[in-house]
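Before any comments, here is the structure.
Residue numbers start from 1 in every chain, and the chains themselves are labelled A, B, ... in the order their sequence lines are given, proteins ahead of strands.
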Protein chains: 2
Amino acid sequence: MTSQIIEAAELLQPMFRKLQQRDELGDEEKRAIAEAADQRLVFAPGDDLVADGSRPEHSTLVTSGFTCRYKMLPNGSRQFTAIHLAGDFVDLHSFLLKEMDHSVGALSHCTVITFPHERLVTISQRFPHLTRMLWLSTLLDGAMHREWLVGMGRLSAAQRTAHLLCEIYLRLAAINLARDNQFNFPITQASLADAVGISTVHVNRVLQELRHGGYLAWDGGMLDLLDLDRLKAFAQFDETYLHLVQEPR
Amino acid sequence: MTSQIIEAAELLQPMFRKLQQRDELGDEEKRAIAEAADQRLVFAPGDDLVADGSRPEHSTLVTSGFTCRYKMLPNGSRQFTAIHLAGDFVDLHSFLLKEMDHSVGALSHCTVITFPHERLVTISQRFPHLTRMLWLSTLLDGAMHREWLVGMGRLSAAQRTAHLLCEIYLRLAAINLARDNQFNFPITQASLADAVGISTVHVNRVLQELRHGGYLAWDGGMLDLLDLDRLKAFAQFDETYLHLVQEPR
DNA sequence: CGCGCTCTTGACGAACATCAAGCTCCGTGG
DNA sequence: CCACGGAGCTTGATGTTCGTCAAGAGCGCG
C-alpha cells in the first residue's frame, strides 16, 4: 500500500508542477491527493478515456501522453475543445457536472490515474485550499477555451494553428516536458484539423505556409518552433491567459 | 443592516433559481451568500464591469440585464466568449485566476452585486457544498464555452446564430425570465456579430434568412422564436450541456 | 505483396469578409 | 418646427479564405 502511494506520487509530479506554477502546495495537500488516487490505466491512440453521455464515478488525471476533449456532431464531423497533457485533470468536470457533455480521447499512447468522486468530496471538506487549487485547474481550462474561441472567431486558420503550437509548447515547458522550442508532438494532421476547426486539406496547406515562412520544422513526431518570437507575433499570442504566476490563491 | 441583507436576498433570486435547478440549496447556504454580498452597482450599455488586465478584489454577480465576456485583439476586432444573464457570476474567475485575461461589458442597462474575495475564501472554508456549487457555476461557463467552440468550428454562421438564441432562451426560461418562446433581447446586430464571430453585414443576412425561414421574429427588443423545435433542429441544438438537472453535487 | 493510413496536390465552388452607399429612426439644438 | 447628426440597419458588388472532391504518392504493417 505504501509503495503504491509512493509510486503514485512519482506519476503525480507533472500535476504538482502544474499547480505549483500557480501557488505553493503543502506536503499534506500532496499526500491527500496521492492517497485519493485509485487505479492506473493505459490507453492507445484512438481510445476514449471518457465517453460523451456517461456518468463517471471517478475523475481522470493524465500522467503521460496527449489527449483531446472533443464533441461529435450528428453529421459525423468532430471538433476538439482542448488538448490535454501530462498533469491535466481531464474530467474534473464530471465530478460536479455528473453527466459528460463531451468525450475525452487519447491522441497518443497515454497513462492516467483515476480518483473516485467520493474521495474528491472528502478533499473538498477537509482541504479548502487544495479544493481551490483543483477549482483553479478547471478555471485554467476555461481560460484556454476562451482563448480558442477568440482564435476561432477572429484569427485565420494559419494564426490559430500557430497559436495552438505556442500554447502547447509553453504548457509542456511549464512542467519540464519541453525545452529549446521543441517537443514531441505525435498527432496527425487530421487531429490538428479537428483542433483548429478546419479541413485536413487546409491544415496541410497551413503547415506548408508555416514551414516555408521559417516558423517551424516538423518531421515525424518532433516539432521544432524555429522562431518562437516571430511565431507568437504572427499568432497574436499573449500568454497571460495561461496564468503562469505563482501567488496565493 | 438586516434590511440590506433582505434586499440583497431579493436580488439574489435569479442566482438561487439557477443553482437550485442543479441541486438543492439550504437556508444556511443562502444566508451565507446574502451576508457575503457587498455593494450594489449599476451599469449602462457599453460600460465595462470588469476590465482586461485588472486584478479585482471582489467578484461580480449580475442581478439584471445582459452582459458579455469579451476579448479585444490588437487589430481592433472583438470576440465575445459568453453572454451572461441575471443570476450569473461573471467573474468568479478572478477569485482564483487573480488577473483578468478578458473584459466583461454591459450589453444593456444592468445591475450587479459584488462579493469581496476574502468573504468567498471564508465560504470555501465553512461551506464545502456551497463551494462546490460556486465551482459548478464556473463549470457551466466552461460547458457553454465548449459548445460555442464546436459551433465556431463546425457549424455555419446561421446555425451558430440560431444556436445562441436557443441557448439564451432556455437559460432565461430556467430562471423564470422568459416563456412562450419569447424574450426581450435588446442587443445590436454588431454585438451579435461579435458573439457569433462574423461580420455585422453577415449577421444581417443571417437574420433575414432566419426570419424568412419562419424561425423567428425580432422587432425592436422583443425576440420571438416562432418554431423552437425546428430552430433547435436547424442549429443541432442539444441542451445536455446546460445541465438543467437537479441532483446531489 | 497488398492494404490502409497519412500526407500531398490541383481544380472548383461555397461561405463569408470587405468596401461602399443609402436607409430609417431618434434625440438634440437652433 | 425643422435641420442636423449619429447610431443602427439594409443592400449590392467584389474578393478572399477555406471546403469539397478527386487523385496520387509514400510508408508501415500484416
Next on the checklist: Under 4.0 Å, heavy atom to any atom of DNA chain D: which of residues 183-198 of chain A qualify?
Outcome noted: G197(A), I198(A)
Checklist entry - Could you go step by step and tell me if F185(A) and F66(A) meet the ring pair (Phe, Tyr, Trp, His ring centres under 6.0 Å) rule? => result CA-CA 8 Å; F185(A) 197 46; F66(A) 291 91; 5.4 Å; yes
Checklist entry - Given atom CG of D219(A) and atom C1' of dC27(D), what is their separation to the nearest angstrom? => result 15 Å
Checklist entry - What do you reckon, are the aromatic ring centroids of F115(B) and F89(B) less than 6.0 Å apart? => result yes
Next on the checklist: Need one value for S156(A): base, sugar-phosphate or nothing, where a base atom within 4.0 Å counts as base even if backbone is also close, heavy atoms only.
Outcome noted: sugar-phosphate
Checklist entry - Is N204(B) near enough to dT10(D) that one of its side-chain N or O atoms lies under 4.0 angstrom from OP1 or OP2? => result yes
Checklist entry - Can you tell me how far P of dA14(C) sits from CD of Q159(B), to the nearest Å? => result 17 Å
Checklist entry - Side-chain N or O of R211(B) less than 4.0 angstrom from OP1 or OP2 on dT10(D)? => result yes
Item to check | Separation of atom CE in M152(B) from atom C1' in dA15(C), rounded to whole Å | outcome: 15 Å
Item to check | Q208(A) atom CD, over 12 foreign heavy atoms within 6.0 Å | outcome: yes
Checklist entry - Could you state the NE2-C1' distance from H202(B) to dT18(C), rounded to the nearest angstrom? => result 13 Å
Next on the checklist: By nearest heavy atom, map A157(B) and V201(B) onto DNA chain C; which one lands nearer the 5' end?
Outcome noted: A157(B)
Item to check | With sequence neighbours excluded, residues passing salt bridge (charged side-chain N to carboxylate O under 4.0 Å, His left out) with D224(A) | outcome: none
Next on the checklist: Does a side-chain N or O of Q208(A) approach OP1 or OP2 of dT9(C) to a distance below 4.0 Å, or not?
Outcome noted: yes
Next on the checklist: Could you tell me how far apart R205(B) (CZ) and dA14(C) (P) are, to the nearest whole angstrom?
Outcome noted: 17 Å
Next on the checklist: Is any side-chain heavy atom of E147(B) closer than 4.5 Å to one of H102(A)?
Outcome noted: no
Next on the checklist: Side chains of E99(A) and V245(B), heavy atoms from C-beta outward: is any pair under 4.5 Å?
Outcome noted: no
Item to check | Ion pair R154(B)/D194(A), N-O distance below 4.0 Å | outcome: yes
Next on the checklist: What is the distance, to the nearest angstrom, from the CG atom on L207(A) to the P atom on dT6(C)?
Outcome noted: 15 Å
